[in-house]
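Structure, as structure tokens:
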Amino acid sequence: QVTLVESGGGLVQPGGSLRLSCAASGNIFNIDVMGWYRQAPGKSRELVATIAQGGIPNYADSIKGRFTVSRDNAVATAYLQMTSLKPEDTAVYFCYVEYRLLWSSPRANSWGQGTQVTVSS
């Protein structure tokens with residue numbers, strides 16, 4: 001079982017910055033992908049950014065150039081550094097992982113509870 005603990009959400013003014021953290025715990029052989037999705041009111045959950053084990057990131061076009069995803073494999077933690085925040089970034093942000101309990105197992109996935117990010121004047 002994988003537990004994801006998120007932190008760093010809150011209220012910020014347009015143009016400001018926030019840093020989200022997601023710590024994964026459990027008896028996991030390998031976390032292949034870590035990252036972030038978000039869901040605004042009345043909308044579907046959408047990709048924000050992911051990062052693979054080797055450190056290659058993938059970003060949604062809407063945030064590319066403003067957000068940076070990273071991970072610290074030693075402590076199984078992912079980060080999302082958000083800068084130049086816009087009101088349209090307001091959403092619940094969810095941590096996401098793809099992992100294997102055994103090296104030969106297919107990938108499973110897990111979601112965090114979500115943390116609110118509000119960008120407003």
Side-chain angles (χ1 to χ4, degrees):
Q1 184 177 349
V2 176
T3 300
L4 303 178
V5 180
E6 300 155 309
S7 62
L11 175 65
V12 66
Q13 294 182 333
S17 300
L18 282 175
R19 185 179 188 241
L20 305 183
S21 298
C22 173
S25 62
N27 190 19
I28 309 166
F29 174 76
N30 189 68
I31 301 176
D32 297 289
V33 177
M34 304 189 77
W36 302 88
Y37 287 69
R38 68 186 182 186
Q39 187 169 12
K43 295 186 177 181
S44 300
R45 192 172 299 184
E46 65 176 1
L47 170 73
V48 178
T50 60
I51 184 166
Q53 183 72 42
I56 304 301
N58 180 45
Y59 296 105
D61 289 341
S62 61
I63 58 87
K64 197 169 186 177
R66 298 188 295 120
F67 294 5
T68 301
V69 64
S70 61
R71 62 188 288 174
D72 185 342
N73 293 328
V75 293
T77 300
Y79 306 94
L80 185 68
Q81 179 65 53
M82 304 183 292
T83 61
S84 301
L85 283 161
K86 304 174 181 179
E88 51 263 43
D89 294 319
T90 297
V92 177
Y93 284 70
F94 297 90
C95 183
Y96 170 83
V97 298
E98 294 180 5
Y99 67 96
R100 287 172 284 167
L101 296 177
L102 300 171
W103 72 269
S104 59
S105 298
R107 290 183 182 182
N109 61 71
S110 184
W111 295 90
Q113 183 174 281
T115 184
Q116 178 70 45
V117 173
T118 302
V119 185
S120 177
S121 299

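- Here the OG-CD distance, from Ser121 to Gln13, works out to 6.5 Å after rounding to the nearest 0.5 Å.
- Using a 4.5 Å cut-off on side-chain heavy atoms (C-beta onward), Asn58 and Val33 make no contact.
- In this structure, Glu88 places its CD atom where more than 12 heavy-atom neighbours from other residues, nucleotides or ligands lie under 6.0 Å away.
- Clustering ILVMFWY residues whenever any of their side-chain heavy atoms sit less than 4.5 angstrom apart, transitively, puts Leu101 in the very cluster that holds Val97.
- A single hydrophobic cluster is seen to contain both Leu85 and Trp36, as judged by linkage of ILVMFWY side chains at heavy-atom distances under 4.5 Å, directly or through other members.
- Linking Ile, Leu, Val, Met, Phe, Trp and Tyr whenever their side-chain heavy atoms come within less than 4.5 Å puts Leu18 and Val48 in one cluster.
- More than 12 heavy atoms of other shown residues, nucleotides or ligands fall within 6.0 angstrom of atom CD in Glu46.
- With hydrogens and angles disregarded, no donor-acceptor distance shorter than 3.5 Å links the side chain of Glu98 to the backbone of Asp32.
- Between the side chain of Thr90 and the backbone N or O of Val119, at least one donor-acceptor pair lies under 3.5 Å.
- In this structure, the side chains of Asp89 and Val117 stay at 4.5 Å or more apart for every pair of heavy atoms.
- Tyr59 contributes a side-chain N or O that, together with a main-chain N or O of Val69, makes up a donor-acceptor pair within less than 3.5 Å.
- Of all heavy-atom pairs between Gly112 and Leu4, the closest is N-CD1, 3.5 Å.
- Contact between Ala24 and Ile31 at its shortest, heavy atoms only, is CB-CD1, 3.8 Å.
- Counting only N and O atoms by type, the side chains of Asn73 and Arg71 include a donor and acceptor under 3.5 Å apart.
- Applying the side chain to side chain contact (heavy atoms under 4.5 Å, CB included) criterion to Thr77, with sequence neighbours excluded, gives Ala23, Val75, Tyr79.
- Under a hydrophobic-cluster definition in which Ile, Leu, Val, Met, Phe, Trp and Tyr are linked whenever side-chain heavy atoms come within less than 4.5 Å, directly or via other members, Val12 and Leu20 are assigned to the same cluster.
- The side chain to side chain donor-acceptor pair (under 3.5 Å) check on Ser25 picks up nothing, with sequence neighbours excluded.
- Of all the heavy atoms in Thr83 and Ser17, the pair that sits closest is CG2-OG, 3.5 Å.
- Listed by chain and residue number, Tyr37, Trp111 satisfy the ring-ring contact (aromatic ring centres under 6.0 Å, His included) test with Tyr96 (two or more places apart in sequence, or in another chain).
- For Thr118 and Gln116, the side-chain atoms include at least one donor-acceptor pair closer than 3.5 Å.
- Judged by distance alone, the side chain of Thr50 and the main-chain N or O of Met34 form no donor-acceptor pair under 3.5 Å.
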Item checked: CA sep, side-chain torsions, deciding dist, call: Ser120, Leu11, side chain to side chain contact (heavy atoms under 4.5 Å, CB included) -> CA-CA 7 Å; Ser120 177; Leu11 175 65; 4.3 Å; yes

Notebook entry, point to check: Taking it one step at a time, do Leu80 and Arg38 satisfy side chain to side chain contact (heavy atoms under 4.5 Å, CB included)?
Noted result: CA-CA 12 Å; Leu80 185 68; Arg38 68 186 182 186; over 6 Å; no

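- The distance from the CG atom of Asn30 to the OG atom of Ser105 is 11.0 Å, given to the nearest 0.5 Å.
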